[in-house]
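Here the structure is laid out as structure tokens; the discussion comes afterwards.
What you see below is based on every heavy atom in this structure, not just the backbone, and it leaves out hydrogens, waters and symmetry mates. All of these numbers come straight from a predicted model, not from anything done at the bench. Each chain gets a letter, A, B and so on, in the order its sequence line appears, and its residues count up from 1.
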Protein chains: 2
Amino acid sequence: MEKTADAPTFDPACPMSAFPVQIGDKWTAMVVLCLEARPRRFSELRQLLGSVSAKVLTDTLRAMERDGLVSRSVFDENPPRVEYRLTALGRTLLQLVDAARSWARDNLDDLLSARRQHDDMPLPSPR
Amino acid sequence: MEKTADAPTFDPACPMSAFPVQIGDKWTAMVVLCLEARPRRFSELRQLLGSVSAKVLTDTLRAMERDGLVSRSVFDENPPRVEYRLTALGRTLLQLVDAARSWARDNLDDLLSARRQHDDMPLPSPR
DNA sequence: TAGGCCGGTTACCGCAACGTGACCGGTTAC
DNA sequence: GTAACCGGTCACGTTGCGGTAACCGGCCTA
């Protein structure tokens with residue numbers, strides 16, 4: 001995916017189409033942040049994320065496990081306990097999430113005000 | 001969205017839910033890259049992006065214009081010419097896209113091989 | 001008169017992501 | 001007995017993004 005002088009030209013084999021910046025699905029980035037400090041249990045994650053359903057959180061964690069971003073440990077206690085922790089690979093995502101957050105801190109206000117301004121005058125040529 | 005000691009706790013007002021790292025829709029990041037070097041015409045973008053339809057590209061560019069990421073200039077020539085260029089705000093996205101690309105360069109292989117390995121043995125306990 | 005090019009618009013459609021609600025098996029508490 | 005807790009699974013419904021196909025109007029060419 002090096003650009004040749006001028007034109008990027010994305011082919012289907014380009015990594016960007018496999019990973020188009022969007023860091024997995026909707027909740028992946030937040031899960032990464034929740035696991036930054038320490039491993040967490042399933043229900044703990046649900047609480048931290050607030051509005052996520054069990055199914056969607058399960059799907060997200062399964063996908064992250066598949067991709068080697070988190071590891072899942074089952075403790076055969078009672079009540080049963082399951083812990084998720086970031087792998088080394090998962091930790092590498094933290095830089096990226098931080099970069100995104102710092103971009104948002106610096107520029108999101110501009111973006112949102114541009115959007116509001118654009119929405120207030122949606123008539124370019126009344127004709 | 002500062003974390004208090006330990007728990008991030010995302011509420012709906014959190015910027016992350018308005019901008020969850022994913023840089024707009026599917027093509028936004030690639031459009032940003034295509035416009036890095038210089039402004040481009042509509043059909044030029046279609047060519048560079050390869051497989052995008054006119055409708056989807058139009059939608060993407062309209063959304064980016066709305067958010068103040070690109071500006072659209074119509075030249076009343078013949079044949080009609082329309083140029084899109086990155087705004088200052090749009091240029092700020094370049095750092096983020098670069099960060100994502102460099103993450104991919106460094107870690108995508110690990111992710112993909114973890115995925116392959118996981119897919120080759122999908123039976124945890126056959127009972 | 002027909003067709004092509006440019007930069008779209010409109011109508012429609014399929015699919016995957018997202019979400020809801022019910023249920024489950026084992027264990028402990030009431 | 002039954003109820004709750006944990007960490008899910010299953011069936012189902014909805015939404016919206018991405019994509020296809022047809023068309024448009026103005027200008028130019030054949």
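- Within the 4.0 angstrom heavy-atom criterion, base atoms lie near B:V56.
- Taking the nucleotide of DNA chain C with the nearest heavy atom to each of A:P79 and A:W27, the more 5' of the two is matched to A:W27.
- Dashed line: the shortest gap from a side-chain N or O of B:R41 to OP1 or OP2 of C:dC6 is not under 4.0 Å.
- Rounded to whole Å, atom P of C:dG7 lies 15 Å from atom CD of B:E65.
- Counting heavy atoms from C-beta on, the side chains of A:L93 and A:L96 come closer than 4.5 Å.
- With D:dG18, C:dC6, C:dG8 as the candidates, the nucleotide lying closest to the side chain of B:P80 is C:dC6.
- Between B:E44 and B:R46, none of the side-chain N atoms (NZ, or NE/NH1/NH2) sits under 4.0 Å from a carboxylate O, so this pair counts as no salt bridge.
- For the pair B:D59 CG and C:dG7 P, the computed distance is 17 Å after rounding to whole Å.
- Put simply, CZ on A:R46 is 11 Å from P on D:dC6, counting in whole angstrom units.
- When both pairing distances are held under 3.5 Å, C:dT20 makes a Watson-Crick or G-U pair with D:dA11.
- In this structure, B:Y84 atom OH and C:dC6 atom P are separated by 14 Å, rounded to whole Å.
- In this structure, B:R81 does not pair ionically with B:D76, as no charged nitrogen and carboxylate oxygen lie closer than 4.0 Å.
- Taking atom CZ of residue B:R62 and atom P of nucleotide D:dG18, one finds them 16 Å apart after rounding to whole Å.
- Counting heavy atoms from C-beta on, the side chains of A:L61 and A:L45 come closer than 4.5 Å.
- As the counterpart of C:dT10, D:dA21 is assigned, both hydrogen-bonding distances of the Watson-Crick or G-U wobble pattern falling under 3.5 Å.
- In this structure, B:K55 atom NZ and C:dC6 atom P are separated by 22 Å, rounded to whole Å.
- The 5' end of DNA chain D is approached more closely, in terms of each residue's nearest nucleotide, by A:L61 than by the other of B:T60 and A:L61.
- Considering only side-chain atoms of A:F42, the nucleotide from C:dG8, D:dG7, C:dC18 that sits closest is D:dG7.
- Here C:dT20 is the nucleotide among D:dT20, C:dT20, D:dG8 with the atom lying nearest to any side-chain atom of A:S53.
- The CD atom of B:E83 sits 15 Å away from the P atom of C:dC6 (whole-angstrom rounding).
- Using a 4.0 Å cut-off, some side-chain N or O of B:S43 falls inside it from OP1 or OP2 of C:dG7.
- Relative to the side chain of B:D25, the nucleotides C:dG19, D:dG18, C:dG7 differ in distance, and D:dG18 lies closest.
- A:R40 places its CZ atom 14 Å from the P atom of D:dG7, with the value rounded to the nearest Å.
- For A:R81 and D:dG7, the shortest distance from a side-chain N or O to OP1 or OP2 is not below 4.0 Å.
- Between A:R72 and A:V82, some side-chain heavy-atom pair lies under the 4.5 Å cut-off.
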